[in-house]
2 protein chains.
Amino acid sequence: MSKQSTYQQIVNAADNLFYQNGFEHTSFTDISNLVSISRGNFYHHFKTKNDILSAVIKARLANTQAMLDEWQTAEATPEGRIKCYIHILLTNWDKIQHYGCPVGTLCTELAKLNHASKEEATQVFTLFRQWLKQQFKQLGHVDDADQLAMHVLAWSQGVATISSTFQNKEFAEQEVQKINAWLDKLNH
Amino acid sequence: MSKQSTYQQIVNAADNLFYQNGFEHTSFTDISNLVSISRGNFYHHFKTKNDILSAVIKARLANTQAMLDEWQTAEATPEGRIKCYIHILLTNWDKIQHYGCPVGTLCTELAKLNHASKEEATQVFTLFRQWLKQQFKQLGHVDDADQLAMHVLAWSQGVATISSTFQNKEFAEQEVQKINAWLDKLNH
DNA sequence: AAATTAATAGGACGGCCATCCTATTAATAA
DNA sequence: TTATTAATAGGATGGCCGTCCTATTAATTT
């Protein structure tokens with residue numbers, strides 16, 4: 001693995017810190033400490049904190065799209081693809097347990113801050129929403145594809161928040177089973 | 001309506017500001033401006049910001065308990081009571097639309113801040129959880145009462161987050177219908 | 001009425017933060 | 001090789017924040 005550019009290192013560090021400690025609670029000092037560069041050097045790459053946030057969101061959008069594309073080719077059926085989405089709750093459990101859903105928690109924080117980038121952050125949700133909608137359409141649920149996509153989105157949000165708050169992995173596993181059964185039943 | 005004590009005014013103002021703008025984003029100046037008292041006077045009532053947070057959480061616990069008690073007497077059946085809980089999503093839609101679920105968003109924020117009061121905040125969820133569990137037990141679901149309570153909790157969290165993020169009341173209404181149908185079916 | 005306590009006001013302090021500025025070094029282009 | 005640009009370092013600035021301190025006024029008690 002070759003060394004990343006300073007720019008990429010900053011974005012990665014900010015990405016993790018925003019996720020783990022929140023956007024507002026993360027300072028320039030925190031990021032520069034993690035990347036081991038000086039605070040002054042920072043401003044050669046990003047003019048403002050909001051610029052970093054935008055870069056982080058753009059990176060998340062790209063990563064999300066890449067993941068969806070991968071699922072699209074790796075899984076033969078729409079059911080299988082939707083189950084990939086459902087399963088990330090357990091795959092990323094260690095992080096979700098501590099910090100919740102990276103998409104939902106950022107959207108919620110930016111909404112409360114009334115931050116200029118809040119719509120930008122929502123785009124990550126939109127990516128999942130449209131992709132899920134497409135899968136449900138392919139399953140023949142043409143009329144309510146979007147509603148079903150939103151349902152799955154809300155399901156994962158709720159389970160992430162509650163199982164994280166109560167530190168309860170068992171509940172997350174039970175809910176994954178439930179939603180998988182629901183999905184199977186949907187396609188009888 | 002008689003005038004509230006300064007103490008109560010501070011707690012109420014802090015409660016609203018913590019909900020609307022987040023705990024960290026709310027400053028002493030914000031609160032004292034809203035209550036129209038000086039910053040100095042503040043410290044006669046609360047020594048630290050954490051003390052205010054604790055007082056706000058205690059107030060929320062009391063208000064929640066009062067609401068649950070009211071439902072308990074107002075509604076004759078456990079189904080009716082659970083539907084009261086489900087319905088607050090629509091009752092409080094105007095606020096949820098802008099600021100999400102007051103319980104979930106505070107728990108999430110305090111978890112990211114690794115704040116000393118995060119467990120205290122979770123207690124509000126626990127109040128709902130145990131109350132819902134009791135209702136499901138009375139419906140005859142003795143073995144999985146807690147799991148069902150958690151399911152309803154997660155449902156409301158997810159719908160609040162997603163419908164708020166997408167500013168979509170219609171989706172919230174659809175989901176309320178769905179969960180009501182699920183509840184009816186559960187009791188065949 | 002006098003003494004004591006509660007409530008309020010507002011300035012002061014030290015810390016952290018985002019941002020800016022300038023100087024120095026490394027890399028690249030001419 | 002020289003000129004120019006990119007990258008880095010670190011101090012300076014001004015603002016806000018939580019907290020503290022002291023003085024003044026209102027309320028209560030003796």
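Lettering follows sequence order; numbering is per chain, from 1. Values below: every heavy atom of this structure, side chains too, minus hydrogens, waters and symmetry copies.
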5'-most by nearest nucleotide on DNA chain C - A:Gly40 or A:Asp30: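 Nearest nucleotide further toward 5': that of A:Asp30.
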
Less than 4.0 angstrom between a side-chain N/O of [X] and OP1 or OP2 of [N], yes or no?
| X | N | answer |
| --- | --- | --- |
| A:Tyr43 | C:dT19 | yes |
| A:Ser27 | C:dC17 | yes |
| B:His44 | C:dA7 | yes |
| A:Thr6 | D:dA7 | no |

Sugar-phosphate, base or nothing in reach of [X], heavy atoms under 4.0 Å:
| X | answer |
| --- | --- |
| A:Ser32 | nothing |
| B:Phe42 | nothing |
| B:Ser36 | nothing |

Ring centroid separation A:Phe128 to A:Tyr85 under 6.0 Å: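 Yes, close enough.
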
Ring-ring centroid check B:Trp182 B:Trp155, cutoff 6.0 Å: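 Aromatic pair excluded; centres sit 6.0 Å or further apart.
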
Whole angstrom is fine here: how far is it from [atom1] in [X] over to [atom2] in [N]?
| X | N | atom1 | atom2 | answer |
| --- | --- | --- | --- | --- |
| B:Asn33 | D:dC17 | CG | C1' | 13 Å |
| B:Ile52 | D:dT19 | CD1 | C1' | 12 Å |
| A:Phe28 | D:dG14 | CZ | P | 19 Å |
| A:Ile31 | C:dA18 | CD1 | C1' | 11 Å |
| A:His115 | C:dA18 | NE2 | P | 11 Å |
| B:Lys47 | D:dC21 | NZ | C1' | 16 Å |
| A:Phe46 | D:dA7 | CZ | P | 12 Å |
| A:Glu24 | C:dC16 | CD | P | 17 Å |

Intermediate values then yes/no, salt bridge (charged side-chain N to carboxylate O under 4.0 Å, His left out), A:Asp94 and A:Lys169: CA-CA 9 Å; A:Asp94 286 346; A:Lys169 187 179 184 182; 5.7 Å; no

Over 12 foreign heavy atoms within 6.0 Å of CD, B:Gln72: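 Atom CD in B:Gln72 is crowded, with more than 12 foreign heavy atoms closer than 6.0 Å.
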
Minimum-distance nucleotide (side-chain atoms of [X] versus [options]):
| X | options | value |
| --- | --- | --- |
| B:Asn41 | D:dT19, C:dA18, C:dA7 | C:dA7 |
| B:Thr48 | C:dT8, D:dT19, C:dA18 | D:dT19 |
| A:His45 | D:dT8, C:dA7, C:dG11 | D:dT8 |
| B:Arg39 | C:dT19, C:dT8, C:dA12 | C:dA12 |
| B:Ile37 | D:dG18, C:dA9, C:dT8 | C:dA9 |
| A:Ser38 | D:dA9, D:dT19, C:dA7 | D:dA9 |

A:Arg60 to A:Phe18 six-membered ring, cation-pi geometry met (6.0 Å, 45°):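 The answer is no; the distance or angle limit is not met.
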
Flag side-chain contact, heavy atom, 4.5 Å: A:Trp71 against A:Gln135: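 When only atoms from C-beta onward are counted, A:Gln135 and A:Trp71 do not touch, as no gap falls below 4.5 Å.
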
